[in-house]
Amino acid sequence: MSNQPEGPSVRLLRVGEQVRHVLSGILQRGDVHDDVLARHVVSVTEVRMSPDLRHATVFVKSLLGQDEDAVLKALRTNTAYLQREVAHRVRLKYAAKLKFLADESFDEGSHIDKLLRDPKVARDLEQPGGED
């Protein structure tokens, strides 16, 4: 039996949260001089670090999911600047390479909520007793 912990280590989670905080601040202040990013409110919902801390997968969501493709393209265009800023503000041995992806978890949550509110499912959930 292995003593390996399940999921990411505390250090990976801590560094990911630091990177998320730095990126959120940069985007909130409008430090990136990009017209698309200036017109949208972008939330950095999660950052997942690779075990060697050299790669960061950044999950983002634009307000109300508007123009998500354009926002992702703008972030990818400005990746070099964002990587430099993160490297400057989060002290690591190596500057993490950033990869931006749309956060689909909200869409999945909405889909599950819609399924649970379906009249057929609600009827099954309301029936007392069920299996005896």
Colleague: Would a hydrophobic clustering, with Ile, Leu, Val, Met, Phe, Trp and Tyr connected at side-chain separations under 4.5 Å, put Phe59 with Leu12?
Modeller: no

Colleague: Does Leu53 reach the side chain of Arg11, with side-chain heavy atoms less than 4.5 Å apart?
Modeller: yes

Colleague: Does the Asn78 side chain pair with the main chain of Tyr81, one donor and one acceptor, at a distance under 3.5 Å?
Modeller: no

Colleague: Would Leu82 and Phe100 satisfy side-chain contact (heavy atoms from CB on, under 4.5 Å), going step by step from the backbone distance to the final call?
Modeller: CA-CA 11 Å; Leu82 293 167; Phe100 292 96; 3.6 Å; yes

Colleague: Are Thr57 and Val47 packed together at the side-chain level, in the sense that at least one heavy-atom pair is separated by less than 4.5 angstrom?
Modeller: no

Colleague: Can you give me the closest heavy-atom contact between Asp31 and Arg89, atom names plus distance?
Modeller: OD2-NH2, 4.0 Å

Colleague: Quick one: does Gln83's side chain have a donor or acceptor within less than 3.5 Å of a partner on Leu98's backbone?
Modeller: yes

Colleague: Ion pair present between Arg14 and Glu17, side-chain N to carboxylate O less than 4.0 angstrom?
Modeller: no

Colleague: Is any side-chain heavy atom of Thr45 closer than 4.5 Å to a side-chain heavy atom of Val60?
Modeller: no

Colleague: Nearest 0.5 Å, what's the CG-NZ distance between Leu75 and Lys99?
Modeller: 14.5 Å

Colleague: For the atom pair CD (Glu68) and CG (Asp103), what is the distance rounded to the nearest 0.5 Å?
Modeller: 8.5 Å

Colleague: Could you check whether any side-chain heavy atom of Leu27 comes within less than 4.5 Å of a side-chain heavy atom of Leu37, counting everything from C-beta outward?
Modeller: yes

Colleague: Between Ser62 (side chain only) and His40 (backbone N and O only), is there a donor and an acceptor less than 3.5 Å apart?
Modeller: no

Colleague: Under the side-chain contact (heavy atoms from CB on, under 4.5 Å) rule, collect the residues that match up with Asp52, sequence neighbours excluded.
Modeller: Ser50, Arg54, His55

Colleague: Is the number of heavy atoms from other residues, nucleotides or ligands under 6.0 Å of Arg91 CZ greater than 12?
Modeller: no

Colleague: I'd like to know if Lys61 pairs up with Glu104 as an ion pair, taking the criterion as any Lys NZ or Arg NE/NH1/NH2 lying under 4.0 Å from an Asp or Glu carboxylate oxygen.
Modeller: no

Colleague: Examine Leu92 and Ile26 and state if one hydrophobic cluster contains both, with Ile, Leu, Val, Met, Phe, Trp and Tyr joined whenever side-chain heavy atoms are less than 4.5 Å apart.
Modeller: yes

Colleague: List the atom of Val36, the atom of Ala70, and the distance in Å for their closest heavy-atom pair.
Modeller: CG1-O, 3.7 Å

Colleague: Identify the heavy atoms of Glu85 and Val22 that sit nearest to each other, and give their distance.
Modeller: O-CG1, 4.4 Å

Colleague: Rounded to the nearest 0.5 Å, how far apart are OG1 of Thr79 and CZ of Arg84?
Modeller: 11.0 Å

Colleague: Please step through side-chain contact (heavy atoms from CB on, under 4.5 Å) for the pair Leu23 and His21, ending with a clear verdict.
Modeller: CA-CA 6 Å; Leu23 288 171; His21 183 73; over 6 Å; no

